[in-house]
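Please read the structure below before turning to the comments.
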Amino acid sequence: MPSEAVQYQRRNQVGFLLIDYPPVNVLGASVRAGLARTLAAALADASVRAIVIACAGKTFSAGADIGEFDGPMAEPTLQAVFASIEASSKPIVAALHGMALGGGVELALACHYRVATADAKLGLPEITLGLIPGAGGTQRLPRVIGAAAALDMIVSGAPVDAAAASKLRLVDAVVDGDLLLGAQRFCEQLIEQGAKPRPTGSRPVEVSGFDAPGIAAIVSKHSRALKGRTTQQLALEAVTAATQSDFDAGLGIERRIADRSIASMESKALRHLFFAERQVAKVPGVAMDSSKALIARVAIIGAGTMGSGIATACADAGMAVTLIDSHADGIERGLGLIASNYESSVARGRLTHEEAARRRGRIVDSLELGAAAEADVVIEAVFEDLALKQSILSKIASLTPASTLLASNTSTLSIAELSRPCRDPQRVVGLHFFSPAHVMKLLEIVRSPSTDPAALGRALALAKQLKKIGVVAGDAFGFIGNKMMLDGYWREAEQLMLEGATPEQVDSAMESFGFAMGPARVNDLGGTDVGTKTRIELFKRETRPDPYFVIADALTAMNRLGQKTLAGFYRYRSGERQALPDDEVIELIAKFAADRGIARRSIETSEIVERCLLQLINVGAQVLEAGIAMRAADIDVVWVHGYGFPRHLGGPMFHADSLGLKHVLDRIEYYGARMKSRDDYWRPAPLLETLAQQGRSFASWDSERAA
Ligand code: NAI
């Protein structure tokens, strides 16, 4: 018989309700029913004078079951269970350890007292999913820590540690040693003092600091993280209700606001990504067993920008790293980059000196390829040169056993071509890291037709060990992300410039939509030459009709490479990053437009945003149909984590679904008709056409294929 999700025990005069629902004690239906049952038992037990609610395993409760959000919650609801805890005639103490999150904190708030271990953390992360705490959190938290601190905690979404929680009086005592014993002692003191239950709902709300300037300061503190978001307004409404209404009325208001948050597109988008990020590692036919075979040793060949970033990422993950370069000055530069990565982590307070030194100490260097022989994984990041990469991979293949994973960090070359000379190409994958590789969370894992499932499983395990999000992509030019960027988004951005928009207008338009940075600024940051080199490789493999990146390529030819040469799409003052509009560029663009007979006009922001997005979606549909991405949701993950697509809009494919694919198709056809000469770019992707005509969505396509 499966053990109960909540067990009841008694030690002397204290009853324990112990939630044991691995892995993280979410408050699903069986836990709620178990709490109701064991609470009744403790109340009925005449020898019990105080009650402890605690969790088994590594952590207190991680909150509600997200899977239940879209339908009505099965009885008993969280609200009902919390109400009966609060109404208990015997004092109830929550005993917290590990992470208490969301509904876990709301459970603790429904208790009369809270104790915690020193390493416990308490947080209300609902806002990261576009939600407000909906099980009394917005009404009880202000009654425990004051309205201003409560708003801050709800809007930040970040957890506080036990020391901070104790300062806020969110926990009444921090327990040293065994938590259950500490909680029992706390209860015995309560019993001795004759302490009564202290229902949170009956406590007054402290409102100091919760006035217009105080609220504005709290909201502005989080404004960067919440750019374009609306949930913080809902949180404010709910906390305000706690200061203005009685407790029961406040709970009713919270319920209605929480329902609005659940129904909002913002929350749907954020929850879509939450699931998409967890689903990416699931690849049919591929088992990722990261627990069995931890990757301990990695060799990286090429100590350049990427190689040194990848080495830093691997050392951060605890791996022993061998960094190999053919030139001593290459090694020197790479080690210098690694040192500066760690120096900046220390300067920003992210790492202590000692920890940085420990990580740095995991990296050794070598001028010999043979130093890679013992590695579990070898990643080459040498110059983007097919023959060079082929020769390195085949040498490494002959130096290492068949179990070693071989990878290339190429951004443009075909993995099938690269691995052809290897004696066992089935163990070669692409690992497309994004720059800076120790910071960016995205990793495109490229499989060629000969890559075998075991190699892919190993690559997925590596991504997980590096705490990156590994998305599997097909072996086509630009993989998922760069293909959509080059053929869709950036190309359209240039076209808009030729038709009359300035680089600044295009950037501001896309930034107002929510992109972290507009396309011209991104080009200047990364270097216009990087894109130009990529396109040279592209045109070796596929042809494109004109006009295709005339502006960026002309800037490269003029040595206007972006920030590094103080001129690109913009001008820069030495030592500054601020992009200054440059008439020379505007004139250059106007000349190109005239040469091509393009009539220039003023273009509305809405048209810029719409056309860039439509192109992104249309090329996304091509990528999906060609099997380069397995799921539309994978594309969303790539664009949010690798290209700065606004998270609260869920990614380009989710955004297309939210606009409605019929509308998307209509608009593509509209622009197609308006721009007949360029109909190649405005020809709807057949998959988009089919789905739109059937009244379907990309999400439905994903679910159909998953079934
Ligand atoms: P880089 O020019 O900074 O570094 C290349 C390094 O490889 C140099 O240190 C060079 O000495 C070394 N090298 C050359 N031949 C070698 C050999 N035979 N044996 C050992 N080492 C050798 O280049 P970067 O930017 O780091 O790019 C490396 C790779 O990563 C390229 O394939 C590039 O396409 C790819 N990539 C670049 C991204 C970027 O943003 N820069 C992003 C994703 C991939």
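Whatever order the structure lists them in is the order used to number ligands and atoms, beginning at 1. From a predicted model like this one, the values you see are computed outputs, not experimental measurements.
Listed for the D582 side chain is no donor-acceptor partner under 3.5 Å among the backbone atoms of A567.
Side-chain atoms of S450 and Q426 include no donor-acceptor pair closer than 3.5 Å.
Ligand 1 lies under 4.0 Å from heavy atoms of I301, G302, A303, G304, T305, M306, D325, S326, H327, R333, A381, V382, F383, E384, L388, K389, I392, N409, T410, S411, H432, F433, S435.
Judged by a 6.0 Å distance limit and a 45° cone about the ring axis, R271 is not positioned over the six-membered ring of F275.
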Return a table of donor-acceptor pairs under 3.5 angstrom between the side chains of residues 310-319 and protein atoms on other chains or two or more places apart.
from: T312; atom 1: OG1; to: S308; atom 2: O; distance (Å): 2.8
from: T312; atom 1: OG1; to: N341; atom 2: ND2; distance (Å): 2.9
from: D316; atom 1: OD1; to: Y342; atom 2: OH; distance (Å): 2.8
from: D316; atom 1: OD1; to: R359; atom 2: NH1; distance (Å): 3.3

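F513 and F645 have their aromatic ring centers within a separation under 6.0 angstrom. Checked against a 6.0 Å centroid threshold, the rings of F515 and Y489 count as neighbours.
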